[in-house]
Amino acid sequence: MKYEFFIGLRYLRSKRRQTFISIIGLISILGVFMGVMALNVVLAVMRGFEEELKDKILGVNSHLVVLSYDGPIKDYDKIRDEVASFPGVVGTSPFIYGQGMLVGETNVIGAVIRGIDPQNAGSVTNIEEALGRGTIGRGKEKKEEIKGEELKKVGHELIAKLNESTRSGKPPLIIGRELAANLGVSVGDLVNLVSPFGKVGPFGPQAKIKRFEVVGLFDYGMIEYDSSIAYVSLKDAMDFFDMNGKITGIEAKVRDVYRAKQIGDEITDKLGFPFYTRNWEEVNKSLFRALRLERIAIAIFLALIILVAALDIVSTLTMVVMEKGRDIAILRAMGATKRGIMRIFITDGMVIGLVGTLLGTFAGYGICYLVKTSDAVRHLIPFDPEVYFVSEFPVKIEPLYFIGVAVFSLLVCFLATLYPSYQASRKDPVEALRYE
């Protein structure tokens, strides 16, 4: 063991005359520990929120859509086959997008009307799982674990009803649980779908009204979607919006969501003008950018805890240098170099930083692991699903974040040791020993 490391460790031990300094050292370790732990936990939670929101959005919307500058697309089967042939594309489905007003017994609400192909819609979105949740209900979902395959099975049976005849003979319609509650309707009730873009009559444009029967309810878990979307079959949407056999676009699901933009550019190049693509990152760019900025801002504020702990290290080493003035002079007289004196006190500060960082990293990982795996801990702070898009703490453990926080903490602690170590190396042994 080098003498610098040996003496540095000895200085950290508590002695009768150094009890106060040792307590300050423990406080410094505690400060680094708290800062690293808090920063790791918050970054994991924020990353979990971002991932959960991404999963919710991609459950409703496809990874990318193919559109045309000329408007509605005709001969869409050929375009769909070309899109499906691209490497990385795992599902495609045509869709029609429109807007209208749903009229129930007690209320009138504007809604987004989406015409879908019941046979292929489940391959690009999570509509089947959402239909399963909407049918089984949240109460049962909280009491027992419902596997995704069970939800898909229930949803698959429901979505097939869009191509079947209803009891009333009216076209089938699927709406969100929140939208149904606001309209005051349930499965089996009739609603009117109203579009302002109707035919022109003798007194001017007339609204188009068509009666639909509610055959199912979906629950995506986000009130923004559950209260504003209604699904009809592709055929009924063509008839209601007078599309004349055309569609709005083609939805596509890719194997790697982070390659959606690259695959979309390749599809655009192959199809050529007037076709273009939009991916999920472009559509939700502002939302995810705001989440990332929020995560960075919180990380900066929590990093201040580590900086405060670093100031404690500075004060601790400064007091050690003042206390050990005679020892420093003796070491210099025995042949210790200025660089060796600096290493002694750098060792003191880095031991404090290393212990605090390791303890904080392990504690932060342990808390994140408990929140991720333990139902009791995960539901310790309940979230109202009617207000938030999550019902529990979402945590995503990113090893790179833990490594980054640890490296940052050690770097700050190292920088905090430089000034007091430099002051110790400048002490004149003659002045220190003159009156000894």
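If you're wondering where the values come from, they're calculated on a predicted model, not measured in any experiment. We count residues from 1, following the sequence as given.
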Can you list, pair by pair, the side-chain donor-acceptor contacts under 3.5 Å of residues 358-369, counting residues two or more places apart and other chains?
unit_1: Thr361; atom_1: OG1; unit_2: Thr357; atom_2: O; d: 2.8

query: salt bridge (charged side-chain N to carboxylate O under 4.0 Å, His left out): which pairs involve residues 34-47, sequence neighbours left out?
result: Arg47-Glu50, Arg47-Glu51, Arg47-Glu398
message: Can you tell whether the side chains of Lys235 and Asp239 come within less than 4.0 Å, N to carboxylate O?
response: no
- prompt: Is a side-chain donor-acceptor pair under 3.5 Å present for Ser123 with Asn120?
  reply: no
task: Measure up the Tyr258 and Trp280 rings against each other and bin them: parallel (under 30°), tilted (30 to 60°), perpendicular (over 60°).
output: perpendicular
message: Looking at every heavy atom in both Asp236 and Pro172, which two are closest together, and how far apart are they?
response: OD2-CD, 3.7 Å
- prompt: Does the side chain of Leu193 come within less than 4.5 Å of Leu173's, by heavy atoms?
  reply: no
- prompt: With respect to Leu64, which candidate in Val89, Asn279, Val257 satisfies the side chain to side chain contact (heavy atoms under 4.5 Å, CB included) definition?
  reply: Asn279
task: Examine Phe95 together with Tyr97 and report whether their ring centres are nearer than 6.0 Å.
output: no
message: Using the rule side chain to side chain contact (heavy atoms under 4.5 Å, CB included), only one of Ile127, Ile159, Asp226, Leu179 pairs with Phe218; which is it?
response: Asp226
Please tabulate, for side-chain N and O atoms in residues 411-422, each donor-acceptor pair with protein atoms closer than 3.5 Å (sequence neighbours left out).
unit_1: Thr417; atom_1: OG1; unit_2: Phe414; atom_2: O; d: 2.6
unit_1: Ser421; atom_1: OG; unit_2: Ile346; atom_2: N; d: 3.3
unit_1: Ser421; atom_1: OG; unit_2: Thr417; atom_2: O; d: 2.6

- prompt: Under 4.5 Å between any side-chain heavy atoms of Val103 and Val191, yes or no?
  reply: no
